Amino acid sequence: MVKNIPVIFAMFMKKTYTLKPKENSVTIDDLTDYESFVKANSEAYKNEQLKDGIYLNHTSFMNQIPEPGNYVFEKNEKGAVLRAIKEENGKKDKISANEMFIYVQNGKAYKKTYSGFLELNKNDRGFYLVSNRSYILSVQNSAVFLALVQDKEGCMEVLLLVL
């Protein structure tokens with residue numbers, strides 16, 4: 001692994017310089033309140049109802065641009081999504097559950113985790129999952145750190161850092 005670090009770094013640098021910049025650039029001023037910037041410029045935050053469909057990455061979900069076509073979900077006997085299938089012009093296009101970032105069905109979003117899909121909730125502060133650690137992270141690659149922090153008013157908060 002150590003021998004590959006220069007190669008990995010060189011590949012990273014090459015890819016950084018060859019990729020086209022994103023359409024939505026962020027100014028220095030917007031970075032100071034990035035949360036407000038994202039909420040004001042993301043369709044997922046601006047719209048009350050999420051668009052049904054399959055999203056393969058974070059950007060497509062935030063911009064609410066699902067994969068084109070009418071996909072039908074194939075589920076196992078427990079109701080877990082295995083894949084999505086689209087039939088057009090006699091061709092079948094399949095997207096496995098592992099390729100999906102999020103899917104939205106009937107306005108409800110479901111986020112892919114290590115153990116399957118979890119419902120993605122939304123409130124005024126953003127999107128969140130309700131689950132236990134073992135459902136979201138693989139057991140062998142996770143570590144949890146807790147910190148007890150006191151704010152200026154003397155209130156204690158528990159911070160959870162999951163690695």
Side-chain angles (χ1 to χ4, degrees), residues 1 4-71 73 81 84 86 95-138 141-163:
M1 180 71 171
N4 293 334
I5 290 175
V7 174
I8 293 168
F9 186 70
M11 289 171 43
F12 171 75
M13 293 301 289
K14 181 180 179 184
K15 195 164 193 162
T16 300
Y17 284 104
T18 57
L19 289 175
K20 288 185 176 181
K22 293 285 184 187
E23 296 171 13
N24 303 345
S25 59
V26 181
T27 66
I28 297 282
D29 293 335
D30 289 334
L31 281 177
T32 57
D33 191 11
Y34 187 68
E35 183 178 346
S36 296
F37 174 81
V38 170
K39 287 180 179 179
N41 293 292
S42 301
E43 295 298 318
Y45 281 105
K46 291 195 290 188
N47 300 331
E48 284 293 318
Q49 184 77 19
L50 297 172
K51 284 185 188 176
D52 284 0
I54 298 168
Y55 301 88
L56 300 181
N57 56 48
H58 174 266
T59 304
S60 65
F61 174 70
M62 294 307 284
N63 294 328
Q64 287 293 278
I65 304 171
E67 288 297 298
N70 188 18
Y71 284 88
F73 293 105
V81 171
K86 170 179 77 170
I95 300 175
S96 76
N98 290 333
E99 294 176 72
M100 297 179 206
F101 176 70
I102 288 176
Y103 75 87
V104 178
Q105 192 172 37
N106 301 322
K108 287 191 177 244
Y110 299 89
K111 170 77 175 85
K112 177 70 177 142
T113 67
Y114 281 103
S115 302
F117 287 93
L118 289 176
E119 185 174 345
L120 187 66
N121 300 295
K122 180 181 173 185
N123 64 16
D124 59 333
R125 296 179 63 194
F127 292 96
Y128 63 97
L129 295 169
V130 176
S131 178
N132 63 34
R133 177 179 71 115
S134 65
Y135 200 81
I136 296 173
L137 301 170
S138 66
N141 295 330
S142 63
V144 177
F145 300 95
L146 290 173
L148 210 54
V149 180
Q150 186 173 8
D151 63 13
K152 292 177 184 176
E153 288 83 34
C155 297
M156 297 299 283
E157 293 183 31
V158 176
L159 299 178
L160 174 68
L161 175 63
V162 181
L163 301 174

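Residue numbers count from 1 along this sequence. This structure is a prediction, so every number in the text was calculated from the model and none was measured.
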To the nearest 0.5 Å, what is the distance between [atom1] ([X]) and [atom2] ([Y])?
{"X": "Lys111", "Y": "Asn121", "atom1": "NZ", "atom2": "CG", "answer": "14.0 Å"}
{"X": "Asn63", "Y": "His58", "atom1": "CG", "atom2": "NE2", "answer": "9.0 Å"}
{"X": "Ile95", "Y": "Glu67", "atom1": "CD1", "atom2": "CD", "answer": "5.0 Å"}

Does the side chain of [Y] come within less than 4.5 Å of [X]'s, by heavy atoms?
{"X": "Phe73", "Y": "Met100", "value": "yes"}
{"X": "Leu50", "Y": "Ile102", "value": "no"}
{"X": "Ile54", "Y": "Glu99", "value": "no"}
{"X": "Val81", "Y": "Tyr110", "value": "no"}

When you look at [atom1] of [X], are more than 12 heavy atoms from neighbouring residues, nucleotides or ligands closer to it than 6.0 Å?
{"X": "Lys122", "atom1": "NZ", "value": "yes"}
{"X": "Asn123", "atom1": "CG", "value": "yes"}
{"X": "Lys46", "atom1": "NZ", "value": "yes"}

Compare every heavy atom of [Y] with every heavy atom of [X], then report the nearest pair and how far apart it is.
{"X": "Tyr45", "Y": "Lys39", "value": "CB-O, 3.6 Å"}
{"X": "Pro66", "Y": "Tyr55", "value": "N-CE2, 3.4 Å"}
{"X": "Val130", "Y": "Tyr128", "value": "CG2-CE1, 3.7 Å"}
{"X": "Leu129", "Y": "Glu119", "value": "CD2-O, 3.5 Å"}

Donor-acceptor contact present, side-chain [X] to main-chain [Y], <3.5 Å:
{"X": "Lys112", "Y": "Tyr103", "result": "no"}
{"X": "Asp52", "Y": "Gly107", "result": "yes"}
{"X": "Gln64", "Y": "Lys51", "result": "yes"}

Worksheet item: Please walk me through it: do Leu120 and Phe61 pass side chain to side chain contact (heavy atoms under 4.5 Å, CB included)?
Response: CA-CA 12 Å; Leu120 187 66; Phe61 174 70; 4.0 Å; yes

Discussion item. Just to verify, what does Phe101 make a ring pair (Phe, Tyr, Trp, His ring centres under 6.0 Å) with, not counting sequence neighbours?
Written reply: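 By the ring pair (Phe, Tyr, Trp, His ring centres under 6.0 Å) rule, Phe101 matches no residue at all.
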
Practice prompt. Show your working on side chain to side chain contact (heavy atoms under 4.5 Å, CB included) between Val38 and Met62 and close with a plain yes or no.
Written response: CA-CA 9 Å; Val38 170; Met62 294 307 284; 3.9 Å; yes

